[in-house]
Protein chains: 2
Amino acid sequence: MKATINDVAKQAEVSIKTVSRVINNEVSVRQATRDKVLAAVKALDYQPNLAARNLAGTKSYSIAYVYDNPNAYYIIDMQKGILSACKKQGYELLIHPCNAKADNITQEISTMVKQSRVAGLVLTPPFSEMPEFVQQMKQLDVKIVRIMSGDVAPDDLTPCIMVNDHQASYKITQHLIDLGHRHIGFIVGGAEHKSSSERLSGYTQALKDNDIAISENLIVHGEYSFESGVHGAKSLIAEEIKPTAIFSCNDEIAAGALFAARLMNIAIPEELSIVGFENSPFSRQTWPTLTTADQPNDQIAENATNLLIAHVRNQSLKNIVTHYTPELVVRNSTGRVSTDKNI
Amino acid sequence: MKATINDVAKQAEVSIKTVSRVINNEVSVRQATRDKVLAAVKALDYQPNLAARNLAGTKSYSIAYVYDNPNAYYIIDMQKGILSACKKQGYELLIHPCNAKADNITQEISTMVKQSRVAGLVLTPPFSEMPEFVQQMKQLDVKIVRIMSGDVAPDDLTPCIMVNDHQASYKITQHLIDLGHRHIGFIVGGAEHKSSSERLSGYTQALKDNDIAISENLIVHGEYSFESGVHGAKSLIAEEIKPTAIFSCNDEIAAGALFAARLMNIAIPEELSIVGFENSPFSRQTWPTLTTADQPNDQIAENATNLLIAHVRNQSLKNIVTHYTPELVVRNSTGRVSTDKNI
DNA sequence: ATACCAATTGACAGCGCTGTCAATTGGTAT
DNA sequence: ATACCAATTGACAGCGCTGTCAATTGGTAT
């Protein structure tokens with residue numbers, strides 16, 4: 001039925017080992033031999049069996065993406081980028097959504113890694129930002145790549161993608177300040193995500209640099225969810241000194257904030273500017289469309305996966321760390337502060 | 001490092017075959033022996049190696065989800081349901097997003113199936129609704145389960161989940177009619193999805209049964225996308241005889257329609273009612289929230305996967321086909337037709 | 001106590017590859 | 001023509017399981 005390495009070897013009149021060499025792109029095979037084998041591979045439509053490769057070799061051709069994130073757009077983008085790298089390099093991907101707070105989470109991942117002989121893990125927040133978890137994964141004899149928020153990568157020789165949320169957040173805040181806003185509310189995302197504090201610190205830094213006082217009343221702590229945006233915006237708008245702009249930690253929160261503004265009959269951006277973060281489809285589909293920061297998640301994911309695969313193969317990497325800074329995208333949810341507003 | 005079946009056998013003082021029997025839940029093992037083995041499994045934290053099982057056995061423990069759908073919420077829900085069934089039954093899931101219209105698509109899936117020794121495929125539209133594709137998959141020696149739109153399952157002894165979009169659509173249309181609407185626009189989703197025509201036929205049937213004339217001008221053909229909703233609604237509203245309600249083939253289209261209405265300063269639902277289909281998060285996050293039909297995608301997916309796994313294991317199934325009918329969910333985007341409106 | 005037979009257990013081959021190491025090949029220097 | 005050695009190729013074991021079939025066990029009827 002399905003052709004095996006034996007069939008190819010027979011057809012090409014070489015040993016199975018030589019076929020193995022050809023499909024693994026090893027160097028010491030004469031060109032003429034290589035051609036014979038490739039012809040046989042093609043004629044028989046041969047696909048090496050990954051289970052056998054995983055079992056026989058010291059290498060494995062499976063990696064897994066472990067995540068705990070309710071943001072469908074984010075996950076789909078990540079999967080897309082990871083799969084793109086996997087396909088090019090002949091790896092298969094297992095996805096493993098799970099609960100980061102479950103107390104047997106290490107056990108759970110460990111089981112999966114053993115069962116499926118996973119060679120490497122792609123970790124996104126919050127997993128990538130849980131040091132003990134990362135430590136335990138390393139002891140499992142599994143390579144990892146982390147996508148995390150911040151500027152300085154952990155100094156542990158593991159590949160990393162650092163997303164400079166602080167700087168991107170600074171730019172967004174500066175954009176609001178340039179529009180004349182002085183009372184800018186901030187809805188913080190989930191505390192288990194480092195991006196929340198990084199984005200908050202970019203915001204406070206920008207305020208400081210512009211000599212604007214930071215008011216704790218304008219900072220609301222929430223989750224990365226639509227509902228959090230609704231509640232956060234409601235409570236900010238109820239403040240004695242209302243903000244003229246609201247910085248939402250991501251687009252979903254921003255969509256919630258827009259919803260709340262609509263509930264309270266507040267015109268966006270005339271009476272209130274709202275910004276998001278992520279440039280997810282949300283930001284193009286709300287009314288008005290959202291000013292946000294563009295984070296190329298699929299690129300980040302593909303890049304991370306390439307680093308991981310190189311790491312799995314013990315290839316030496318020039319750059320074990322890659323940096324990204326999301327870019328400001330101005331749409332219709334931000335405008336100049338109206339001069340006749342209360343201050 | 002990782003415990004193997006040999007380690008367990010040694011520790012339990014039995015043969016590896018007996019260990020194999022215990023972990024496969026075979027019947028003819030004495031209770032005392034079973035207990036010894038299970039104790040050893042636990043003590044060594046043993047996890048059977050899936051690659052070896054796939055290779056050694058005639059069965060495989062991998063299934064794949066093949067899809068071509070830009071709807072992130074739908075995909076995430078499906079994955080969740082599939083994974084839930086996989087986890088319970090010890091299967092691993094590969095995801096395979098791809099382009100259904102690529103001309104080498106059969107080749108592509110075939111490669112994946114061979115490489116990863118996939119035992120079964122979960123197919124959603126449009127793949128599940130492409131008869132030649134399904135036929136070719138069967139020749140690949142891979143089992144399938146299809147989730148498709150319609151009432152009557154294909155008569156080919158393959159497990160199927162049928163979603164009765166016609167009936168659900170009928171109910172939604174009746175809801176609009178009950179609210180007094182007589183001019184109801186319809187934005188059709190992508191033609192490659194049978195759900196589009198099924199939902200359309202439910203709509204026309206409901207109109208007929210209520211003696212309402214069907215106007216081709218009120219039916220716009222599009223895709224399952226936000227942009228299609230924007231364009232569709234714009235063109236419907238530009239009609240000489242404006243609709244007082246718009247039935248959108250899914251929530252994303254409906255969100256686009258809402259966007260268009262907002263652009264044109266049309267109050268929802270006072271001047272225009274809009275409905276969606278799917279009950280995705282969209283429908284709770286738009287303004288106003290959407291009346292829609294609830295489709296429990298994760299349940300459908302889990303159910304489908306259970307059918308598939310039973311099929312893969314050659315277990316006889318009582319019911320090879322399961323039927324679902326989405327339920328009407330009334331929210332704030334629909335209202336009584338205003339009596340002073342133009343007709 | 002003995003025969004019998006179903007229930008239980010184990011020996012061994014083999015799934016399709018890769019790793020190790022030994023054997024062969026063929027080009028180069030003499 | 002010959003020796004030599006790097007380049008190329010192949011033989012064989014083994015990865016960790018399951019399938020097949022044969023061997024052993026132990027409970028029941030006599």
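Convention: sequence-line order gives letters A, B, ...; per-chain numbering from 1.
Minimum atom distance to the side chain of B/Arg21 is reached by D/dC21, of the listed C/dT20, D/dG16, D/dC21. With C/dG10, D/dG16, D/dT18 as the candidates, the nucleotide lying closest to the side chain of B/Ser15 is C/dG10. For B/Ile5, whose side chain is taken as the heavy atoms from C-beta onward, the closest listed nucleotide among C/dG16, D/dG16, D/dG10 is D/dG16. Listed nucleotides D/dG16, C/dC21, C/dA11 differ in distance to B/Lys17; the shortest reach to its side chain belongs to C/dA11. Nearest to the side chain of A/Leu55, among D/dC17, D/dG16, C/dT9, sits D/dG16. For B/Asn24, taking side-chain heavy atoms from C-beta onward, the closest of the listed nucleotides D/dT18, D/dG10, C/dT8 is D/dT18.
Partner of B/Thr305 under the side chain to side chain contact (heavy atoms under 4.5 Å, CB included) criterion, chosen from B/Leu93, B/Ile300, B/Ile63: B/Ile63. With B/Val145 as reference, B/Leu308 is the one residue of B/Leu308, B/Ile320, B/Thr124 to meet the side chain to side chain contact (heavy atoms under 4.5 Å, CB included) rule.
The distance from atom NZ of B/Lys36 to atom C1' of C/dT8 is 12 Å, rounded to the nearest whole Å. Atom pair A/Arg53:CZ and C/dC15:P shows a separation of 19 Å (rounding to whole Å applied). Note: CZ (B/Arg30) to C1' (D/dT25) measures 6 Å, nearest angstrom.
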(request) Evaluate the criterion ring-ring contact (aromatic ring centres under 6.0 Å, His included) for residue pair B/Tyr73 and A/Tyr73; output intermediate values, then yes/no. (result) CA-CA 8 Å; B/Tyr73 291 124; A/Tyr73 291 123; 5.4 Å; yes
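Taking 4.0 Å as the cut-off between side-chain N and carboxylate O, B/Lys138 and B/Asp156 count as a salt-bridged pair. A salt bridge links A/Glu108 with B/Lys87: at least one charged nitrogen is closer than 4.0 Å to a carboxylate oxygen.
C/dA23 and D/dT8 make up a base pair, with Watson-Crick or G-U wobble contacts both under 3.5 Å. In this structure C/dC15 sits in a base pair with D/dG16, meeting the Watson-Crick or G-U test at under 3.5 Å. With a 3.5 Å ceiling on both atom-pair distances, the Watson-Crick or G-U wobble partner of D/dA3 is C/dT28.
Among the heavy atoms of the strands lying under 4.0 Å from B/Arg117 are primed sugar atoms or P, OP1, OP2 only; no base atom is included.
A sub-4.0 Å separation between OP1 or OP2 of D/dT8 and a side-chain N or O of A/Thr18 is absent. The side chain of B/Tyr46 places an N or O atom within less than 4.0 Å of a non-bridging phosphate oxygen (OP1 or OP2) of D/dC17. Taking only side-chain nitrogens and oxygens, B/Thr4 never comes nearer than 4.0 Å to OP1 or OP2 of D/dG16. Proximity of B/Ser20 to the phosphate of D/dT18: a side-chain N or O atom is located under 4.0 Å from OP1 or OP2.
Of the residues near DNA chain C, B/Ala52 and B/Val29, the one whose nearest nucleotide (by heavy atom distance) lies more toward the 5' end is B/Val29. Each of B/Ile16 and A/Gly57 lies near DNA chain C, and the nucleotide nearest B/Ile16 is the one positioned closer to the 5' end.
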